[in-house]
Amino acid sequence: QVQLVESGGGLVQAGGSLRLSCAASGRTISWFAMGWFRQAPGKEREFVAAMSWSGGNTAYVDSVKGRFTISRDNAKNTVSLQMNSLKPEDTAVYYCAADVTALSWSTPSSDSSYDYWGQGTQVTVSS
């Protein structure tokens with residue numbers, strides 16, 4: 001079992017920044033790919049970013065490339081998402097997810113690759 005708890009969401013003006021954190025417990029995430037997804041009201045859940053277990057591979061949805069950066073600290077069992085130049089269309093609930101197939105990096109943008117999910121943190125960007 002892996003428990004994931006997101007934090008860092010909030011209300012920010014367009015152009016601002018937020019840093020989301022995901023704290024994992026129950027198992028070390030050192031061998032797991034980690035991802036961030038988001039879901040806006042009335043829309044399906046969308047892939048945002050992912051990082052392989054080693055940090056050597058990353059993936060981003062096109063709409064956040066150059067603005068968002070995923071990182072991880074395996075020693076602290078945490079994953080973060082630095083979000084800069086935020087836009088109103090980034091408004092959503094953001095979820096952290098863990099793929100507990102060790103060393104996996106097959107389809108990081110697919111939510112079916114992930115086994116555990118956090119409860120989400122709300123990000124609201126005002127125009």
Side-chain angles (χ1 to χ4, degrees):
Q1 288 277 357
V2 177
Q3 292 79 42
L4 302 171
V5 179
E6 302 94 336
S7 61
L11 173 64
V12 64
Q13 289 189 331
S17 298
L18 282 174
R19 185 177 181 86
L20 305 184
S21 295
C22 173
S25 62
R27 294 175 66 180
T28 177
I29 62 170
S30 298
W31 310 115
F32 305 150
M34 299 295 295
W36 286 95
F37 289 75
R38 65 187 179 187
Q39 187 166 21
K43 295 188 177 181
E44 293 188 353
R45 187 165 57 191
E46 174 190 36
F47 168 75
V48 177
M51 177 172 275
S52 62
W53 66 277
S54 66
N57 293 293
T58 57
Y60 296 91
V61 67
D62 285 347
S63 61
V64 309
K65 285 180 180 177
R67 300 188 298 122
F68 291 11
T69 303
I70 188 171
S71 61
R72 65 190 299 157
D73 186 335
N74 286 341
K76 295 182 178 179
N77 232 28
T78 59
V79 178
S80 297
L81 185 69
Q82 178 67 41
M83 305 187 297
N84 298 328
S85 302
L86 283 161
K87 305 175 180 180
E89 51 264 43
D90 294 319
T91 295
V93 177
Y94 283 71
Y95 299 91
C96 173
D99 173 1
V100 300
T101 302
L103 312 184
S104 172
W105 187 246
S106 55
T107 52
S109 62
S110 172
D111 57 4
S112 63
S113 295
Y114 297 87
D115 307 284
Y116 294 97
W117 296 80
Q119 83 291 346
T121 185
Q122 177 70 47
V123 171
T124 303
V125 184
S126 63
S127 57

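Heavy atoms only: backbone and side chains are in, while hydrogens, waters and symmetry mates are out. FYI, the numbering just counts along the sequence from 1.
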Let me confirm one number: the [atom1]-[atom2] distance from [X] to [Y], rounded to the nearest 0.5 Å.
X   : Y    : atom1 : atom2 : result
L20 : Y95  : CG    : OH    : 12.5 Å
T58 : M34  : OG1   : CE    : 15.0 Å
Q1  : D115 : CD    : CG    : 10.5 Å
W36 : Y94  : CH2   : OH    : 10.0 Å
Y60 : I70  : OH    : CD1   : 6.5 Å
E6  : C96  : CD    : SG    : 5.5 Å

(request) Check whether the ring centres of F37 and W117 lie less than 6.0 Å apart, and answer yes or no. (result) yes

(message) Does W31, at its CH2 atom, have more than 12 non-hydrogen atoms belonging to other residues, nucleotides or ligands within less than 6.0 Å?
(response) no

Quick check: do [X] and [Y] have side-chain heavy atoms less than 4.5 Å from each other?
X    : Y    : answer
V123 : M83  : yes
L4   : Q119 : no
F47  : D111 : no
T124 : V12  : no

Of the non-hydrogen atoms in [X] and [Y], which two are nearest, and what is the gap between them?
X    : Y    : result
V48  : L81  : CG1-CD2, 4.2 Å
Y114 : G35  : CE2-N, 3.6 Å
S110 : S112 : OG-OG, 2.7 Å
E46  : S63  : OE2-OG, 4.3 Å

(message) Under the criterion side-chain contact (heavy atoms from CB on, under 4.5 Å), I'd like the reasoning laid out for M51 against N57: C-alpha separation, chi angles, the key distance, then a yes or no.
(response) CA-CA 6 Å; M51 177 172 275; N57 293 293; over 6 Å; no

(request) Could you give me the CA-CA distance, side-chain angles and deciding distance for T91 and Q122, then say whether side-chain contact (heavy atoms from CB on, under 4.5 Å) is met? (result) CA-CA 8 Å; T91 295; Q122 177 70 47; 4.0 Å; yes

(message) Is there a path of hydrophobic side-chain contacts, each under 4.5 Å between heavy atoms, that joins V100 and L103?
(response) yes

(message) Membership question, hydrophobic clusters at under 4.5 Å side-chain separation (ILVMFWY): are L86 and V93 in the same one?
(response) yes

Under 3.5 Å, which donor-acceptor pairs link side chains of residues 22-30 to any protein atom two or more places apart or in another chain?
from : atom 1 : to  : atom 2 : distance (Å)
S25  : OG     : Q3  : OE1    : 3.4
T28  : OG1    : S30 : N      : 3.2
T28  : OG1    : S30 : OG     : 2.8

(message) Applying side chain to side chain donor-acceptor pair (under 3.5 Å) as the test, list every pair that has at least one member in residues 79-90; sequence neighbours left out.
(response) S17-N84, R19-Q82, R38-D90, R67-D90, Q82-N84

(message) For the backbone of N77 and the side chain of N74, can you confirm whether one donor and one acceptor N or O come within less than 3.5 Å of each other?
(response) no

(message) Regarding S113 and T107, do their side chains bring together a donor and an acceptor under 3.5 Å, going by distance alone?
(response) yes

